[in-house]
J.: 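Sending over a structure as structure tokens; questions will come in a sec.
Side chains included, hydrogens not; waters and symmetry mates left out as well; all remaining heavy atoms used. Because the structure is predicted, anything quoted here is derived from the model rather than measured. Convention: sequence-line order gives letters A, B, ...; per-chain numbering from 1.
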There are 2 protein chains.
Amino acid sequence: MKAKATLKQIALEFGVSISTVSKALSDSPEISEATKIKIQEYAALKNYKPNSIAKNLKNQRTNTIGVIIPNILNPFFAKVFSGIEKIALEKGYNVITGISNESFNKEQQVMDMLNNGTIDGFIVAIAEETQSLKEYKHFKDIINSGTPIVMFDRVADGINCDKVVVDDFDSAYDATTHLIKLGSKKIALLSTVNNLSVGKLRFEGYKKALTDAKMSIDEGLIVLETAIEDFDVKLQTLISSKKMDAVFALDEHSSTMTMRMALKQGIKIPQELNIIGFADGVWSRRLTPSLSTVSQHAPEIGAKAAELLIHKLNSKDEFYQPQTVVIKTELRKRESTRRL
Amino acid sequence: MKAKATLKQIALEFGVSISTVSKALSDSPEISEATKIKIQEYAALKNYKPNSIAKNLKNQRTNTIGVIIPNILNPFFAKVFSGIEKIALEKGYNVITGISNESFNKEQQVMDMLNNGTIDGFIVAIAEETQSLKEYKHFKDIINSGTPIVMFDRVADGINCDKVVVDDFDSAYDATTHLIKLGSKKIALLSTVNNLSVGKLRFEGYKKALTDAKMSIDEGLIVLETAIEDFDVKLQTLISSKKMDAVFALDEHSSTMTMRMALKQGIKIPQELNIIGFADGVWSRRLTPSLSTVSQHAPEIGAKAAELLIHKLNSKDEFYQPQTVVIKTELRKRESTRRL
DNA sequence: TGGAATTTAAAAAAACAACTTTAAATGAAT
DNA sequence: ATTCATTTAAAGTTGTTTTTTTAAATTCCA
């Protein structure tokens with residue numbers, strides 16, 4: 001464990017001043033070639049790297065982004081994260097990760113802990129609990145303290161900051177409309193995420209599509225239930241009743257559980273039941289039959305969020321107007337859908 | 001965007017020195033009660049938080065862990081990460097994430113970038129390319145520079161550092177043995193990860209289990225192919241031949257692809273074909289039939305790695321002997337296996 | 001009660017590492 | 001000897017913590 005090379009250590013080595021070393025390493029014209037060369041060579045040899053903590057302190061910025069994610073095990077967030085990380089690396093930023101675990105307290109705690117100079121700005125998907133409570137004061141405080149926030153996917157209406165969202169309403173509308181065009185007369189709607197902004201928007205899109213197609217909204221075909229156990233019971237009942245010829249599932253659990261229960265009942269997919277769901281693309285392809293999904297372009301969401309934040313950090317514009325960017329979704333038609 | 005409260009700012013406010021404020025806030029007995037109270041009250045009012053960058057510079061430590069992961073989209077790594085994050089939060093550490101994308105260069109670059117005071121230590125799963133090249137100099141350099149490393153899952157034999165691994169050999173041995181006990185006579189071995197240390201160990205465990213059971217190792221039942229396209233072609237051929245009654249798949253792709261191709265061919269699982277694979281537990285349960293897997297306790301791996309690193313960071317023991325911790329796996333028997 | 005000793009409170013300074021700016025010094029040339 | 005050009009030294013900046021000094025207040029004893 002040899003001592004790390006610092007300007008001071010190098011200066012001592014050559015009996016010159018710290019500023020001489022600093023200038024030599026930044027290749028300043030003020031320093032003689034001979035001195036520069038010997039110092040630069042020594043620095044390279046010792047693998048000198050400026051201590052970024054010291055630099056950060058001086059510059060009053062850290063080139064670090066804080067990313068607050070409700071649940072890293074959700075592949076959607078993992079993908080968004082990969083998009084953030086990619087852009088961050090390109091722009092020379094580090095990424096500090098905080099997991100809120102869908103908890104309001106932990107979200108607040110983690111963000112507060114990081115908002116002390118550790119990070120320059122936040123990228124956040126709001127925790128479920130926070131969104132249920134509509135408790136957004138901590139976001140306002142952080143923004144007021146001068147730390148910018150970019151929200152993605154789950155956003156807070158009242159907060160004036162950059163946002164990156166998916167067109168949840170439209171994508172649900174389009175998916176439902178697609179099922180109608182395939183000949184479905186009875187489209188069930190399944191959701192365990194109706195407590196989230198995204199879930200509500202998707203539900204609205206579904207209803208609008210039915211209304212526009214002059215189809216009635218059948219409450220008996222709708223299962224909105226946040227508690228997984230209760231949801232599964234209701235879903236089992238619905239599937240056994242065989243009242244529907246298509247399912248639109250708003251989240252991964254309801255999508256996959258529908259497939260599993262239907263296959264167990266011997267219901268043929270897609271011959272007897274069309275299914276479109278929100279789910280991870282890789283795993284949807286691995287199912288048999290493969291699941292048609294609404295692809296949300298998660299990496300692009302992350303990339304865009306990172307770009308917005310870094311742009312804001314680099315601009316000195318006091319009167320910057322926050323914007324909301326909508327990332328288009330795509331309907332990925334796989335084996336779980338076909339003309340009835 | 002009001003100015004952040006600093007010691008200096010508070011000192012100026014009361015016309016006292018910076019050190020007085022510092023001591024007052026740390027409730028030092030050197031400061032009179034009256035002074036302490038007024039300063040503490042003011043600090044609370046102004047929501048003063050010590051600038052962690054400055055503290056880090058002074059303390060020569062950042063309470064931040066650098067986690068280098070080959071691919072965050074792999075649920076295994078995401079789960080390990082969640083385990084790391086949990087312990088880190090408990091112990092008051094932040095987590096900076098770097099993704100190597102399985103690339104040697106990026107791994108080196110990211111770690112180098114962070115090893116300048118930004119982080120106190122690393123937790124690393126080695127990139128595939130790094131492991132193929134057996135190029136471990138950067139790890140040695142970092143350790144020599146005084147920054148401890150804990151490796152998990154994919155580890156480098158030649159490097160003297162803490163390691164957290166799964167008993168890949170044993171778990172493969174046990175899984176294979178389980179298939180034998182279920183009555184399998186012809187157990188195929190599929191792997192797209194034979195370029196990784198973990199893949200090789202699992203392969204060895206499979207062979208040992210067969211040998212111990214006095215069964216021959218049939219090269220015609222073994223598909224080792226890193227390129228996904230080539231793998232799929234070979235797998236299709238193997239499955240069409242129907243030469244086996246069981247499959248042991250060493251990674252997620254080969255596990256799921258086997259199920260998919262077999263089901264497409266009308267092969268009944270598990271009646272005609274038993275399958276055990278390495279795969280994500282959540283999604284394995286969602287498959288129909290659900291997939292029996294080797295559960296690797298990923299969060300525990302991450303937690304243990306974080307504990308080892310933080311312990312090392314907090315101990316001043318110059319002669320600390322690095323250890324290798326083995327996390328036990330568990331065979332999760334689901335619908336894809338049963339007595340033949 | 002006056003002067004010294006001791007306690008107490010607070011201020012000053014140093015350190016962390018990098019970086020910047022200003023001032024000074026050296027050397028050569030005029 | 002003076003001027004100019006080139007180097008180098010010194011000092012200040014960031015915010016915190018820790019150590020050292022200084023100043024004031026109190027106690028103690030003669």
J.: B:Asn59 has an atom CG; how far is it from atom P of D:dT18, in whole Å?
T.: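 These atoms are roughly 7 Å apart.
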J.: Would you mind reading off the distance between A:Asn51 atom CG and C:dC19 atom P, rounded to a whole angstrom?
T.: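 These atoms are roughly 9 Å apart.
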J.: Nearest heavy atom decides the nucleotide; on that basis, is B:Leu57 or B:Gly15 closer to the 5' end of DNA chain C?
T.: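 This one resolves to B:Gly15.
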J.: Between B:Gln60 and C:dA17, is there a side-chain N or O to OP1/OP2 distance below 4.0 Å?
T.: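 B:Gln60 to C:dA17 OP1/OP2: side-chain N or O found under 4.0 Å.
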J.: Examine C:dA17: is either OP1 or OP2 under 4.0 Å from a nitrogen or oxygen in the side chain of A:Tyr48? Give yes or no.
T.: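 No, no such contact exists.
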J.: Have a look at B:Thr35 and say if it touches a base, only the backbone sugar-phosphate, or nothing, with a 4.0 Å heavy-atom cut-off.
T.: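 The residue B:Thr35 makes sugar-phosphate contact but no base contact.
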J.: How far apart are the closest heavy atoms of B:Cys161 and B:Ile143, and which atoms are they?
T.: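 Scanning both residues completely, I find the closest heavy atoms to be CB-CD1, 4.0 Å.
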J.: At 4.0 Å (heavy atoms only), tell me whether B:Ile53 reaches a base, stays on the sugar-phosphate, or touches nothing.
T.: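 The answer is nothing, as B:Ile53 stays clear of every strand by at least 4.0 Å.
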J.: It should be established whether B:Ser19 places a side-chain nitrogen or oxygen under 4.0 Å from OP1 or OP2 of nucleotide C:dA10.
T.: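 Negative; the distance criterion is not met.
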J.: Closest to the B:Ser32 side chain: C:dA9, C:dC19, D:dA9?
T.: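 Side chain of B:Ser32 sits closest to C:dA9.
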J.: Expressed as a whole number of angstroms, how long is the span from B:Asn63:CG to D:dT17:P?
T.: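 About 13 Å, once rounded to whole Å.
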J.: D:dG12 C1' sits how many Å from B:Ile18 CD1, rounded?
T.: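 Nearest whole value for this atom pair: 13 Å.
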J.: Heavy atoms under 4.0 Å, any strand shown: does B:Phe14 hit a base, just sugar-phosphate, or nothing?
T.: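 No contact.
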J.: If we ignore angles and hydrogens, is there a donor and acceptor under 3.5 Å between the side chains of A:Asn115 and A:Ser145?
T.: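 Yes, because at least one side-chain N or O of A:Asn115 sits under 3.5 Å from a partner of the opposite role on A:Ser145.
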J.: May I ask you to say what B:Ser22 touches in the nucleic acid, namely base, sugar-phosphate or nothing, with a heavy-atom cut-off under 4.0 Å?
T.: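 Here B:Ser22 touches the bases of the nucleic acid.
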J.: Any donor-acceptor pair under 3.5 Å linking the side-chain atoms of A:Thr118 with those of B:Asn94?
T.: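 The criterion, which ignores hydrogens and geometry beyond distance, is not satisfied for A:Thr118 and B:Asn94.
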J.: Atom CG of A:Leu7 and atom P of D:dA10: how far apart are they, to the nearest Å?
T.: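 Checked: the CG to P distance equals 16 Å.
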J.: Which part of the nucleic acid does A:Lys58 contact within heavy-atom distance under 4.0 Å: base, sugar-phosphate only, or nothing?
T.: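 Answer is base: heavy atoms of A:Lys58 come under 4.0 Å of a base.
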J.: Which one, D:dT16, D:dG15, D:dT18, comes nearest to the side chain of B:Lys23?
T.: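 The answer is D:dT18.
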J.: Can you check the A:Lys8 NZ to C:dC16 C1' distance for me, whole Å?
T.: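 Going from A:Lys8 (NZ) to C:dC16 (C1'), I get 8 Å.
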J.: Rounded to whole angstrom units, what separation is found between the CG atom of A:Leu25 and the C1' atom of D:dT7?
T.: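 The answer, rounded to whole Å, is 16 Å.
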J.: Give the rounded distance in Å between these two atoms: CZ of B:Arg61 and P of C:dC16.
T.: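 From B:Arg61 CZ to C:dC16 P: 18 Å.
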J.: Is B:Glu107 paired with B:Arg154 through a side-chain N to carboxylate O contact shorter than 4.0 Å?
T.: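 Salt bridge absent between B:Arg154 and B:Glu107.
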J.: Can a side chain N or O of B:Gln9 be found less than 4.0 Å away from OP1 or OP2 on D:dG15?
T.: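 Indeed not, no polar side-chain atom of B:Gln9 lies that close.
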J.: Is any NZ, NE, NH1 or NH2 atom of the basic residue among A:Glu300 and A:Lys304 found under 4.0 Å from an Asp or Glu carboxylate oxygen of the other?
T.: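 Not counted as a salt bridge, because no side-chain N and carboxylate O are separated by less than 4.0 Å.
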J.: Using a cut-off of 4.0 Å on non-hydrogen atoms, how would the nucleic acid contact of A:Lys36 be classed: base, sugar-phosphate, or nothing?
T.: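 Since no nucleic acid heavy atom lies under 4.0 Å of A:Lys36, the category is nothing.
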J.: Is any side-chain heavy atom of B:His311 less than 4.5 Å from a side-chain heavy atom of B:Asp162?
T.: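 A side-chain contact under 4.5 Å is absent here.
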J.: Taking OP1 and OP2 of C:dA10, is either one under 4.0 Å from a side-chain nitrogen or oxygen of B:Thr20?
T.: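 Indeed not, no polar side-chain atom of B:Thr20 lies that close.
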